[in-house]
There are 2 protein chains.
Amino acid sequence: MNDKPILSLRLDFHSGLPIYIQIMNQIEQQVSGGVLKADTQLPTVRALAAELRVNFNTVARAYRLLDEAGVISTQQGRGTYIIEKPPPEVEKKLRSQTLEALARQYIGEAKRLKFSDAEISQMMKAQLKSWEETQETNLE
Amino acid sequence: MNDKPILSLRLDFHSGLPIYIQIMNQIEQQVSGGVLKADTQLPTVRALAAELRVNFNTVARAYRLLDEAGVISTQQGRGTYIIEKPPPEVEKKLRSQTLEALARQYIGEAKRLKFSDAEISQMMKAQLKSWEETQETNLE
DNA sequence: TGACAATCATACAATTAGTACAATTCTGAG
DNA sequence: CTCAGAATTGTACTAATTGTATGATTGTCA
């Protein structure tokens, strides 16, 4: 049993602070502290759970909250990864630029495929509307 | 032994979009965009898999879906080819599917960055309007 | 003791990888 | 020229790895 220090977390089981909160906090700290860099894959829920001697659902819960907080990205069947997160002030300044770049990228591709402005904005409208329901990947 | 970019695909392993979907979407785009012409042989599942550093079954899955969609023709023992002439209805469907995929890609990214629906569609509107003028300065 | 949050157990779903196989093409001995 | 066998290509099925969903259990505290 080689104890590989996948991710070094110090849990206090008697602190009264829920485990999943402790996990969440410490990962957040390590991310903002630069210990965990963008695109780094975190241990799987099972691996981390084994290392911490807790149920993997507890880890999953922490991961889910971190995902909702935009710190990490969890993907079924693939794994969990740190998300690039720009500093707060820079983020605000860059936000609209980022969205603009995204929009222009979309428009550029669509234009290249000879779609009209009407088609482009119509599809955008439709997909925005049906986003929640059709979260499933577009398979068909 | 420079790895020739047989088929230039850009995979994002952390986007949340499955690899096989990304492969499928991008090939669809290149076909409907005219980058990949009829009768062109695509890389073999193994070659493309090696280039993308994924399992060849992942590529095979994308190929199979594209085959079922009538975009390509996969032939055991021979290879994979762009369909000579996509049936009109397939082409039409393909075009709209492609646009849909593009739109969802944009929305997905924007959502991930916590932009609201309003912001997303507003930016789209604005960029569509200013597309022509700003194109001169943004030629690739 | 009862309510509620935290944790755990179990079953499930999605994605990718592994292995064996079948169809086709290529190659070279005869 | 022919044909056996290797090489190449896609296919099918299965296994492994990952996160998800849901309900049961446990523990704490008013």
Side-chain angles (χ1 to χ4, degrees), chain A residues 4 6-7 9 11-27 39-83 132 134-140, chain B residues 6-7 9 11-25 27 39-83 108 112:
Chain A
K4 33 187 176 183
I6 313 173
L7 178 64
L9 301 181
L11 294 189
D12 181 350
F13 287 87
H14 305 101
S15 72
L17 210 56
I19 308 297
Y20 71 94
I21 298 285
Q22 293 184 45
I23 296 174
M24 192 177 68
N25 286 345
Q26 292 189 33
I27 290 180
D39 274 0
T40 304
Q41 176 167 17
L42 291 176
T44 69
V45 288
R46 279 164 238 267
L48 183 53
E51 184 179 313
L52 301 178
R53 314 297 180 92
V54 298
N55 187 275
F56 71 83
N57 270 296
T58 302
V59 176
R61 187 166 179 180
Y63 278 11
R64 180 166 54 75
L65 290 172
L66 286 168
D67 183 78
E68 286 167 0
V71 177
I72 65 179
S73 158
T74 62
Q75 301 156 40
Q76 185 168 352
R78 300 258 295 280
T80 303
Y81 301 85
I82 306 291
I83 288 183
E132 304 304 336
T134 54
Q135 255 311 50
E136 313 94 52
T137 50
N138 47 342
L139 259 176
E140 310 198 9
Chain B
I6 314 173
L7 179 62
L9 301 182
L11 294 189
D12 181 352
F13 286 87
H14 312 310
S15 73
L17 215 54
I19 308 296
Y20 70 95
I21 297 285
Q22 291 184 47
I23 295 174
M24 191 179 67
N25 284 346
I27 290 180
D39 273 354
T40 304
Q41 175 168 17
L42 291 176
T44 69
V45 288
R46 286 172 174 81
L48 184 53
E51 184 178 315
L52 300 178
R53 314 294 183 89
V54 300
N55 188 275
F56 72 84
N57 270 296
T58 302
V59 176
R61 187 167 178 181
Y63 278 11
R64 179 166 55 75
L65 290 171
L66 286 168
D67 184 77
E68 287 168 359
V71 177
I72 64 180
S73 160
T74 62
Q75 300 158 38
Q76 186 169 346
R78 295 190 17 106
T80 303
Y81 302 84
I82 306 295
I83 292 278
R112 199 170 66 73

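Below, chain A is the first sequence line, B the second, and so on; all start at residue 1. This structure is a prediction, so every number in the text was calculated from the model and none was measured.
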Counting C-beta onward and ignoring hydrogens, is there a side-chain heavy-atom pair between [X] and [Y] closer than 4.5 Å?
X       : Y       : answer
B:Leu9  : B:Ile23 : yes
A:Leu17 : A:Asp12 : no
A:Tyr20 : A:Arg64 : no
B:Leu7  : B:Ile27 : yes

- Message: To the closest 0.5 Å, what do you measure between CG (B:Asp39) and CD1 (B:Ile82)?
- Response: 9.5 Å
- From A:Ile19 CD1 over to A:Arg61 CZ, what is the distance, rounded to the nearest 0.5 angstrom? 11.5 Å
What is the separation between atom [atom1] on [X] and atom [atom2] on [N], rounded to the nearest whole Å?
X       : N      : atom1 : atom2 : value
A:Ile19 : D:dT28 : CD1   : C1'   : 14 Å
B:Arg61 : C:dG18 : CZ    : C1'   : 16 Å
A:Tyr20 : D:dT26 : OH    : C1'   : 15 Å
A:Leu52 : C:dT7  : CG    : C1'   : 14 Å
A:Asn55 : C:dA6  : CG    : C1'   : 11 Å
B:His14 : C:dT15 : NE2   : C1'   : 15 Å
A:Phe13 : D:dT26 : CZ    : C1'   : 15 Å
B:Leu11 : C:dT16 : CG    : C1'   : 13 Å

Enumerate the protein-to-nucleotides 9-14 of chain D contacts in which both atoms are nitrogen or oxygen and the separation is below 3.5 Å.
unit_1: D:dT9; atom_1: O2; unit_2: B:Gly77; atom_2: N; d: 3.2
unit_1: D:dG10; atom_1: OP1; unit_2: B:Thr80; atom_2: OG1; d: 3.0
unit_1: D:dG10; atom_1: OP2; unit_2: B:Val45; atom_2: N; d: 2.8
unit_1: D:dG10; atom_1: N7; unit_2: B:Arg46; atom_2: NH1; d: 2.7
unit_1: D:dG10; atom_1: O6; unit_2: B:Arg46; atom_2: NH2; d: 2.9
unit_1: D:dG10; atom_1: N2; unit_2: B:Gln76; atom_2: NE2; d: 3.3
unit_1: D:dT11; atom_1: OP1; unit_2: B:Thr74; atom_2: OG1; d: 3.1
unit_1: D:dA12; atom_1: N6; unit_2: B:Asn57; atom_2: OD1; d: 3.2

